[in-house]
Amino acid sequence: MTSCVFCSIISGDIPSKKIYEDEHTYAFFDISQVTKGHTLVVPKHHHKNLFELPESEVSHVFKTVQKVATALNKTFSPAGLNLVNNNGEAAGQTVFHYHVHLIPRYDQADGYQAKWVEHGAEYTEEKLEQMQTQLISSLSSSH
Ligand code: 5GP
Ligand code: ZN
């Protein structure tokens, strides 16, 4: 058995409530069921996080995300749905096999909460433009 819990779920060594599977991806209920229908979509190959996910896997993963999100929407009629993807321990990642959380939303007290604190006032036009230049420069040297 591999030490990765999601690789073990994909191989069937650890049981899971499978929702969907194709050649590239696997979708199953998150054991924590933060809200009713909380589902994880993972690539079948082991990649640690978004930064290590090969470009070719991205479309496979998000095709399944959309397919399962549509099914959740149709089946449980949530009021909304959040996609969450934690990359790195600091971002809350606990299982280091890339995954996207599909969290159907029913109301403000349904079990999921994300706190957004605005800091826009701390960034001057100049600071934002400097950051913009840095990022655009990284993007143009990354391929
Ligand atoms: P992360 O915190 O890395 O974004 O999310 C990992 C998720 O994996 C958690 O929400 C946790 O509940 C789920 N999880 C961990 N172990 C298992 C397991 O054995 N089976 C299932 N179905 N989910 C798991
Ligand atoms: Zn894995």
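Ligands are counted one by one from 1 in listed order, and the atoms in each one are counted from 1 as well.
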> From the Zn ion (ligand 2), how many protein N/O/S atoms are found at a distance short of 2.8 Å?
Replying inline: 4
>> A side-chain contact here means heavy atoms from C-beta on lying under 4.5 Å apart; do Leu83 and Phe62 qualify?
In response: yes
> For Asn73 and Thr70, does a side-chain donor sit closer than 3.5 Å to a side-chain acceptor?
Replying inline: no
>> Is the distance from the ring center of His97 to that of His99 below 6.0 Å?
In response: no
>> Distance under 4.0 Å, heavy atoms only, partner ligand 1: which residues pass?
In response: Val5, Phe6, Ile9, Phe28, Phe29, Asp30, Ile31, Ser32, Leu40, Asn86, Gly92, Gln93, Thr94, Val95, His99, His101
> Taking Thr25 for the side chain and Glu21 for the main chain, is one N or O donor matched with an acceptor at less than 3.5 Å?
Replying inline: no
> Do we see a donor-acceptor contact under 3.5 Å between the side chains of Asp22 and Tyr20?
Replying inline: yes
> When clusters are formed by joining ILVMFWY residues with side-chain heavy atoms under 4.5 Å apart, either directly or through shared neighbours, do Val100 and Leu40 land in the same one?
Replying inline: no
>> Between Val95 and Gln93, is the side-chain contact (heavy atoms from CB on, under 4.5 Å) condition met? List the steps.
In response: CA-CA 6 Å; Val95 176; Gln93 188 173 10; 5.8 Å; no
> How about Tyr98 and Asn87: does a side-chain donor come under 3.5 Å of a side-chain acceptor?
Replying inline: no
>> Ring centroids only, cut at 6.0 angstrom: are Phe6 and Phe28 within range, meaning strictly under it?
In response: yes
